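First up is the structure itself, then whatever we jot down about it.
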Amino acid sequence: MLFRPTTVHDLDRTAAYAVHAVDDPVSGIAEDRYRAELAERRFRPEWTWVAERDGEILARAVWWGRSDSEHPVALDCLHVSRSVEDRAGLAAGLIAAGQRAFRTAGATQDPQYNLSLPGGWRQDPALAAAVTWRKAAAASAGLGEEVERLRYEWTPAAGVPPRTGRLVFSPEPDDEAFVAVFRSIARGSLDIATRRDVAALGADRQARDDLDFYRNCPGERDWWRLARTPDGTVVGMALPSRTPYHPNVGYLGVVPEFRGRGHIDEILAEITRFHAARGAQRITATTDTVNVPMAAAFDRAGYRTTEIRLVFEAPAG
């Protein structure tokens, strides 16, 4: 079995692979989308790996990154032909081969694996079986930490929430002010990644890593706002952002001293108003399934769940 990255000469075969060679209930990447993402450099030939035997492609792994990314950010699609007896084993070998190459090229961490699923997937035997071998493959390749997330979407039909005057939102040019609020919000956070990173890296490093992450997202730094009471006390923050595709909620949170007072609704409403005022026709967001208060806030704000996302990643630190 040969594990290798693709080249431009493989384009037609690799682009059509999911259509012609795979019978799988997990959604794949349509050929037109694959070609479009290649043109935008979010997919790249060297980030698309195949498992090949005697010239036949038996598996394909497609990693994704932003157009300006030096290294891939996430494994976006993984398929193995049904003719393969040990699908998990072959997939694990393919993922590991790609990860070794990315590290050799200078990547400092393995990309996470994002698996998008419809709601109720556990009740579908075919979908559940497809997830099982992918989960085993990810774990074998070192991506043993699993988080289940809800993906949300707002459209203008949901309406734009009015201002209530309970909070005042203002820009803040000093990054250290945001680091302090990141650090405070992390205390008692229900977000799984936040808890893991604080435990592995410490509160200050986790806060600074979060700030760096959002600074490097396609959204603008000057969109960020601190949320205060009318008397100037910091309650939390709103970081509108965007993905390469849509405006995005980004990050929001309330410091521990002000939780349980409905301020999360105010902060989410501010982000929604911000994007809506700029003409957004769709705003996306995600939260962990265990973060029940955040999920409830999205529901109250008219965001609707569009998919379940399983995220497999290497342990923090």
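These figures come from a predicted structure and were not determined experimentally.
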For the student: nearest non-hydrogen atoms of [X] and [Y], plus distance:
| X | Y | result |
| --- | --- | --- |
| Ala126 | Pro25 | O-CG, 3.5 Å |
| Pro240 | Phe274 | CB-CD2, 3.6 Å |
| Val168 | Pro230 | CG2-CA, 4.1 Å |
| Ala238 | Ile267 | CB-CG2, 3.7 Å |
| Ala137 | Ala91 | CB-CB, 3.6 Å |
| Trp63 | Gly98 | CH2-CA, 4.0 Å |

Report whether [X] and [Y] are members of the same hydrophobic cluster (ILVMFWY, side-chain heavy atoms less than 4.5 Å apart, transitive linking).
| X | Y | answer |
| --- | --- | --- |
| Leu150 | Leu115 | yes |
| Leu211 | Phe213 | yes |
| Val198 | Val311 | no |

Report yes or no: does [X] contribute a side-chain atom to a donor-acceptor pair with the main-chain N or O of [Y] at less than 3.5 Å?
| X | Y | answer |
| --- | --- | --- |
| Thr6 | Asp10 | no |
| Arg66 | Asn216 | yes |
| Gln99 | Ala141 | yes |
| Arg53 | Leu2 | no |
| Asn291 | Asp288 | no |
| His71 | Thr108 | no |
| Thr132 | Ala128 | yes |
| Glu172 | Asp174 | yes |
| Thr7 | His9 | yes |

Could you measure the distance from the [atom1] atom of [X] to the [atom2] atom of [Y]? Nearest 0.5 Å is fine.
| X | Y | atom1 | atom2 | value |
| --- | --- | --- | --- | --- |
| Met237 | Arg228 | CE | CZ | 12.5 Å |
| Glu220 | Leu239 | CD | CG | 12.5 Å |
| Thr155 | Ile283 | OG1 | CD1 | 9.0 Å |
| Phe178 | Trp224 | CZ | CH2 | 6.5 Å |
| Lys135 | Leu143 | NZ | CG | 13.0 Å |
| Thr286 | Arg149 | OG1 | CZ | 3.5 Å |

Can you tell me if [X] and [Y] form a side-chain donor-acceptor pair at under 3.5 Å?
| X | Y | value |
| --- | --- | --- |
| Tyr245 | Thr284 | no |
| Glu307 | Ser116 | yes |
| Asn248 | Thr243 | no |

For [X], give me all partners under ring pair (Phe, Tyr, Trp, His ring centres under 6.0 Å), at least two apart in sequence or on another chain.
| X | result |
| --- | --- |
| Phe298 | Tyr152, Tyr303 |
| Tyr251 | Phe182, Tyr214 |
| Phe169 | none |

Which residues pass the side chain to side chain donor-acceptor pair (under 3.5 Å) test with Asp175, sequence neighbours left out? Arg215, Arg221
Inspect the surroundings of [atom1] in [X] and state if more than 12 heavy atoms from other residues, nucleotides or ligands are less than 6.0 Å away.
| X | atom1 | answer |
| --- | --- | --- |
| Arg205 | CZ | no |
| Arg300 | CZ | yes |
| Asp54 | CG | no |

Test side-chain contact (heavy atoms from CB on, under 4.5 Å) applied to Leu78 and Val26, step by step: CA-CA 9 Å; Leu78 175 67; Val26 172; over 6 Å; no
Are [X] and [Y] close enough that some pair of their side-chain heavy atoms sits under 4.5 Å apart?
| X | Y | answer |
| --- | --- | --- |
| Arg309 | Leu117 | no |
| Arg183 | Asp210 | no |
| Arg208 | Glu176 | yes |

Show your working on salt bridge (charged side-chain N to carboxylate O under 4.0 Å, His left out) between Glu257 and Arg187 and close with a plain yes or no. CA-CA 10 Å; Glu257 298 80 5; Arg187 299 200 314 270; 3.0 Å; yes
Full working for side-chain hydrogen bond (donor to acceptor under 3.5 Å, both in side chains) between Ser67 and Arg41: CA-CA 5 Å; Ser67 297; Arg41 300 192 75 248; over 6 Å; no
Keeping to residues at least two apart or across chains, list the salt bridge (Lys or Arg N to Asp or Glu O under 4.0 Å) pairs with something in residues 239-254. none
Salt bridge (charged side-chain N to carboxylate O under 4.0 Å, His left out) for Arg100 and Asp110? Distances and angles first, verdict last. CA-CA 9 Å; Arg100 286 193 297 270; Asp110 291 331; over 6 Å; no
Run the side-chain contact (heavy atoms from CB on, under 4.5 Å) check on Asp209 and Asp197 step by step: do they pass? CA-CA 9 Å; Asp209 283 358; Asp197 287 348; over 6 Å; no
Does the distance from a Lys or Arg side-chain N to an Asp or Glu carboxylate O, for Arg33 and Asp76, drop under 4.0 Å? yes
Steps toward side-chain contact (heavy atoms from CB on, under 4.5 Å) verdict (Leu58, Ser83): CA-CA 8 Å; Leu58 295 177; Ser83 62; 4.0 Å; yes
Using the six-membered ring of Tyr34, assess whether NZ or CZ of Arg60 lies under 6.0 Å from its centre and within 45 degrees of the ring axis. yes
Evaluate the criterion salt bridge (charged side-chain N to carboxylate O under 4.0 Å, His left out) for residue pair Glu148 and Arg122; output intermediate values, then yes/no. CA-CA 12 Å; Glu148 184 169 343; Arg122 288 182 174 85; 2.6 Å; yes
Hey, do the aromatic rings of Trp49 and Phe3 have their centres closer than 6.0 Å? no
Sequence neighbours excluded - ring pair (Phe, Tyr, Trp, His ring centres under 6.0 Å) pairs with any residue from residues 126-147: none
Stepwise salt bridge (charged side-chain N to carboxylate O under 4.0 Å, His left out) check, Asp191 with Arg196: CA-CA 9 Å; Asp191 183 81; Arg196 285 178 183 164; over 6 Å; no
Please walk me through it: do Ile264 and Met294 pass side-chain contact (heavy atoms from CB on, under 4.5 Å)? CA-CA 8 Å; Ile264 197 65; Met294 190 68 251; 4.0 Å; yes
